[in-house]
Amino acid sequence: SARARLQGVANLVASARDKASRKKYDLALEDLGRALALDPAQGEALALKKDIQARKDGDEQDRARESDFRSATARARDALARKDAPEARRALEEARSLKPGSPTLEEIEKKLARLDESREPQNRMDADEAYRKGMVAYRQGRSPEAAGFFREALRLDPGHEKSAKALERLALAEPGP
């Protein structure tokens, strides 16, 4: 009878709501499919089906984002363990784009800052060594090689003034096009 069919649809819609509230989206959608088989034009079932599908899709996107975040933070930690600051920074930025403001990011940022601080003296010494090699190459007339050493010194220590000035002098000494 029509009354029994309407009651069956109402029961299926109520069951779907209950299952959706417990995030049992596939089961809720099955109930709604049965309800719509009984009454294809039932507005409440149609609207609820659309809402549940959107929630299910959103949850799947959230799970994928969380998985990507965990992967990026694991890569950052691995890079920190290898003392690879550039890779740790790249992975950290990826993680930040997925989940800004996460406390996990703060912990990784602190470790990265400590790694940077521990590398500064070594970077300065390495930059000084690259500068010295650049000066030797320059004195021997190997300007392109000298410029490469000066650029390396600046990569290691962006504030290495002697290398910056040496590169400026080389640029001024080169004939223009």
Side-chain angles (χ1 to χ4, degrees), residues 19-29 49-177:
K19 289 173 181 167
S21 73
R22 293 181 281 128
K23 295 191 176 199
K24 305 283 186 191
Y25 299 128
D26 289 329
L27 295 174
L29 290 169
K49 181 179 178 184
K50 184 177 177 181
D51 177 59
I52 290 171
Q53 188 62 55
R55 283 193 266 165
K56 179 182 173 191
D57 293 345
D59 280 2
E60 288 171 359
Q61 289 172 352
D62 289 348
R63 279 193 296 278
R65 189 177 299 110
E66 182 63 29
S67 175
D68 291 347
F69 176 79
R70 277 187 262 120
S71 174
T73 56
R75 282 196 329 277
R77 286 185 180 107
D78 289 346
L80 286 170
R82 293 188 318 272
K83 300 192 183 313
D84 183 349
E87 176 57 25
R89 219 171 255 102
R90 281 189 293 275
L92 177 63
E93 287 309 311
E94 181 184 339
R96 184 178 287 119
S97 74
L98 294 164
K99 204 172 180 182
S102 167
T104 302
L105 299 178
E106 292 174 20
E107 168 226 330
I108 293 170
E109 287 169 341
K110 286 177 184 174
K111 288 179 180 180
L112 183 56
R114 284 195 298 274
L115 175 61
D116 286 342
E117 289 170 7
S118 72
R119 287 285 305 153
E120 283 178 19
Q122 184 62 47
N123 283 357
R124 276 194 294 278
M125 289 188 305
D126 292 347
D128 288 342
E129 179 63 20
Y131 171 76
R132 282 190 288 280
K133 288 178 180 178
M135 290 306 296
V136 168
Y138 175 76
R139 288 185 194 111
Q140 293 175 350
R142 301 186 331 257
S143 294
E145 187 179 343
F149 282 118
F150 298 142
R151 280 192 288 278
E152 175 65 10
L154 287 169
R155 185 191 66 77
L156 292 165
D157 180 2
H160 200 270
E161 291 182 31
K162 291 179 183 178
S163 292
K165 288 178 182 175
L167 270 176
E168 284 178 30
R169 284 192 304 272
L170 277 177
L172 291 173
E174 291 178 6

*Looking only at heavy atoms, what is the nearest atom pair of Ala88 and Ala79, with distance?*
N-CB, 3.4 Å
*Roughly how far apart are Glu107 CD and Thr73 OG1, rounded to 0.5 Å?*
8.5 Å
_Cation-pi check, Lys133 onto Phe149 ring (under 6.0 Å, within 45° of axis)_ = no
_Arg55/Asp51 salt bridge by N-O under 4.0 Å criterion_ = yes
_Rounded at 0.5 Å granularity, tell me how far CZ in Arg155 sits from CG in Asp126._
9.0 Å
*Rounded to the nearest 0.5 Å, how far does NZ of Lys99 lie from CG of Asp62?*
10.0 Å
*Working to the nearest 0.5 Å, report the span between CD1 of Ile108 and CZ of Arg75.*
10.5 Å
*For residues Lys56 and Gln53, determine if any side-chain heavy atom of one lies less than 4.5 Å from a side-chain heavy atom of the other.*
yes
*So does Lys19 have more than 12 non-hydrogen atoms from other groups sitting under 6.0 Å from NZ?*
yes
*asked:* To the nearest 0.5 Å, what is the distance between NE2 on His160 and CD on Glu152?
replied: 11.5 Å
*Hey, what do you get for CG (Leu167) to CZ (Arg151), rounding to the nearest 0.5 Å?*
6.0 Å
*asked:* Less than 4.5 Å apart, side chain to side chain, heavy atoms only: is that true for Phe69 and Leu105?
replied: yes
*Of the non-hydrogen atoms in Ala146 and Gly134, which two are nearest, and what is the gap between them?*
CB-O, 3.2 Å
*asked:* Ring centres under 6.0 Å, that's the criterion: do Phe150 and Tyr131 meet it?
replied: yes
*asked:* With a 4.5 Å cut-off on side-chain heavy atoms, are Thr104 and Arg77 touching?
replied: yes
*Does the pair Arg90/Glu87 count as a salt bridge with the N-to-O cut at 4.0 Å?*
yes
*Any side-chain heavy-atom pair from Glu66 and Arg63 closer than 4.5 angstrom?*
no
*Would you name the heavy atoms of Leu92 and Ala76 that are closest together and state the gap between them?*
N-CB, 4.2 Å
*Check ion pair Lys110-Glu106 (N to O, under 4.0 angstrom)*: no
*asked:* Does Tyr138 have more than 12 heavy atoms from other residues, nucleotides or ligands lying within 6.0 Å of its OH?
replied: no
_Quick check: closest heavy atoms across Ala20 and Ala28, and the distance to 0.1 Å?_
N-CB, 3.9 Å
*Is there side-chain contact between Met125 and Asp128, with heavy atoms separated by less than 4.5 Å?*
no
*Answer yes or no: is there a donor N or O on one side and an acceptor on the other, between the side chain of Ser71 and the main chain of Ser67, under 3.5 Å?*
no
